[in-house]
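Here's the structure we're looking at; comments come further down.
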2 protein chains.
Amino acid sequence: MADSRQTYHWFWQKLEAFLAKSKLKHSKQRNQVIEYFLEMDDHVSAEELFSYVKEQNFSAGMATIYRTLNLLKDAGLVDQKQFTDGKAVYEINFPDEHHDHLICTTCDRVIEFENAEIEALQRQVAEAHGLKLTDHTLDLFGTCMDENCKYKKS
Amino acid sequence: MADSRQTYHWFWQKLEAFLAKSKLKHSKQRNQVIEYFLEMDDHVSAEELFSYVKEQNFSAGMATIYRTLNLLKDAGLVDQKQFTDGKAVYEINFPDEHHDHLICTTCDRVIEFENAEIEALQRQVAEAHGLKLTDHTLDLFGTCMDENCKYKKS
DNA sequence: TTACATGCAAATCTTTTGCAATGAG
DNA sequence: CTCATTGCAAAAGATTTGCATGTAA
């Protein structure tokens, strides 16, 4: 499934630019780990990516996973978030599109959404305090209203 | 400054109830550490609380700080948040009042706010996805528009 | 007297780093 | 060739835990 090269063309392009600018190189594991990361669902932890990579019978050490993820973060290609527990999760930083999260505590499902009205209000709040809004994090937590939620945890 | 007993009367009351319900006890360090916590600004890390406690020449180990903070968390009296870096910060969980955060990246100031319109929209978003909103986290990041921001970092 | 609380040090967990060996350009 | 990347194991930082001892109720 190397077609992330097409789907995420812009991603690889920006990565290319970043590597060049920083005089960094490509490498077998770097490329492969990134491809696997792009294949996975969003909100991936280092541990999860590591397991997935191993599952694909590809060899890469934990240190490489972290170094790759940090590289992507430095390149501005992924965002690192800390939800509840102690481990960070990474998500693709789509250009001029940012998803907020709606997390179902019944089943741990993470739904992404965007709401222009909320964003406008956020800008207003910031400005009312003399700040120019540069970024934000919005996570909503809720429980499933459907008794038979197919995602419900056992 | 043991007047947190008055200001935070409701806090101590709920704590009392929780201790009783869980068959837990009061203790010199437990009480004192909590008083110091309440005296401090919000968004306190375990490390900061530990330092503050020592500054007051009170003796309590790091483990006790963590255990006390976890107790308060379990009692629903404080919320634990992970902002940027690796350490968690704790804040008082005021009853039916939750503050969202507006963080100035120019000076690291944290301003709390509340906006009913945003909250209503959040509820709508959750319901549109079949979820009943139970909680949320909203952090806005911005830069100071005032050139002479008195809080500006050197 | 009977748990629970404390302090310390050891243990965990996640993430980072030093270093020798390997690989890319 | 030269410099970046890798893997491993060790290090680091934050938080938790086991255990012997102290202490509320």
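Just so we're clear, the structure is a prediction, and the values are computed from it rather than from any experiment. Quick note on labels: first sequence line is chain A, next is B, and so on, each numbered from 1.
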Requested in this report: List for me each residue that meets side-chain contact (heavy atoms from CB on, under 4.5 Å) alongside B/S51, sequence neighbours excluded, and say none if there are none.
Outcome: none
Requested in this report: Kindly write out the residues that satisfy ring-ring contact (aromatic ring centres under 6.0 Å, His included) with A/Y90, not counting sequence neighbours, or none if the list is empty.
Outcome: none
Requested in this report: Round to the nearest Å and state the distance from A/Q32 atom CD to C/dG23 atom P.
Outcome: 16 Å
Report summary line: Residues at least two apart in sequence or cross-chain that pass ring-ring contact (aromatic ring centres under 6.0 Å, His included) with A/F37, listed by chain then number, are none
Query raised in the report: Over how many whole Å does the gap from B/L71 atom CG to C/dT6 atom P extend?
Result: 9 Å
Query raised in the report: What residues form a ring-ring contact (aromatic ring centres under 6.0 Å, His included) with A/H101, not counting sequence neighbours?
Result: A/H43, A/F83
Report summary line: When rounded to whole Å, the CG to P distance for the pair B/L69 and C/dT6 reads 13 Å
Requested in this report: Using a 4.0 Å heavy-atom cut-off, write out nucleotides 18-25 of chain D from 5' to 3' as B (base contacted by protein), S (sugar-phosphate only) or - (no contact).
Outcome: B-----BS
Report each atom pair, protein N/O against N/O of nucleotides 12-14 of chain D, whose distance is under 3.5 angstrom.
unit_1 : atom_1 : unit_2 : atom_2 : d
D/dA14 : OP1    : B/K87  : NZ     : 3.1

**Report entry** Test ring-ring contact (aromatic ring centres under 6.0 Å, His included) applied to A/H26 - qualifying residues, sequence neighbours left out
**Finding:** none
**Report entry** Rounded distance (Å) that lies between atom P of C/dT15 and atom CE of A/M62
**Finding:** 7 Å
Query raised in the report: For B/S59, which contact category applies under a 4.0 Å heavy-atom criterion: base, sugar-phosphate, or nothing?
Result: sugar-phosphate
Report task. Could you tell me how the ring of B/F113 sits relative to the ring of A/H129: parallel (under 30°), tilted (30 to 60°) or perpendicular (over 60°)? Result -> tilted
Report summary line: Rounded to whole Å, CZ of B/F58 lies from P of C/dG7 at a distance of 8 Å
Query raised in the report: Taking atom P of D/dT15 as reference, at what distance in whole Å does atom CD of A/Q82 sit?
Result: 10 Å
Report task. Rounded off to whole Å, could you give me the CD1-to-C1' distance for the B/I65 and D/dT17 pair? Result -> 17 Å
Query raised in the report: Between A/N70 and C/dT16, does any side-chain N or O lie under 4.0 Å from OP1 or OP2?
Result: yes
Requested in this report: Anything under 30° is parallel, anything over 60° is perpendicular, the rest tilted; go ahead and classify A/Y8 against A/F94.
Outcome: tilted
Query raised in the report: Could you spell out the base pairing of DNA chain D in dot-bracket, with Watson-Crick or G-U pairs whose two distances are under 3.5 Å, [ ] crossing and | to another strand?
Result: |||||||||||||||||||||||||
**Report entry** By side-chain contact (heavy atoms from CB on, under 4.5 Å) - contacts of A/T134 (at least two apart)
**Finding:** B/F141, B/T143
Report summary line: Result for 5'-nearest mapping on DNA chain D, choosing between A/S22 and B/K73, is A/S22
Output a table of donor-acceptor pairs, distance under 3.5 Å, between side-chain atoms of residues 59-75 of chain A and any protein atom two or more places apart or on a different chain; print 'none' if there are none.
unit_1 : atom_1 : unit_2 : atom_2 : d
A/T68  : OG1    : A/T64  : O      : 2.7
A/N70  : ND2    : A/Y66  : O      : 3.3
A/K73  : NZ     : A/Q80  : OE1    : 3.2

Report task. Check side chain to side chain donor-acceptor pair (under 3.5 Å) between A/K28 and all other residues, then give those that pass, not counting sequence neighbours. Result -> none
Report task. Just jot down the side chain to side chain donor-acceptor pair (under 3.5 Å) partners of B/D100, sequence neighbours excluded, or say none. Result -> B/H136
Report task. Please state how far atom CD in A/Q29 lies from atom C1' in D/dG7, giving the value in whole angstrom units. Result -> 9 Å
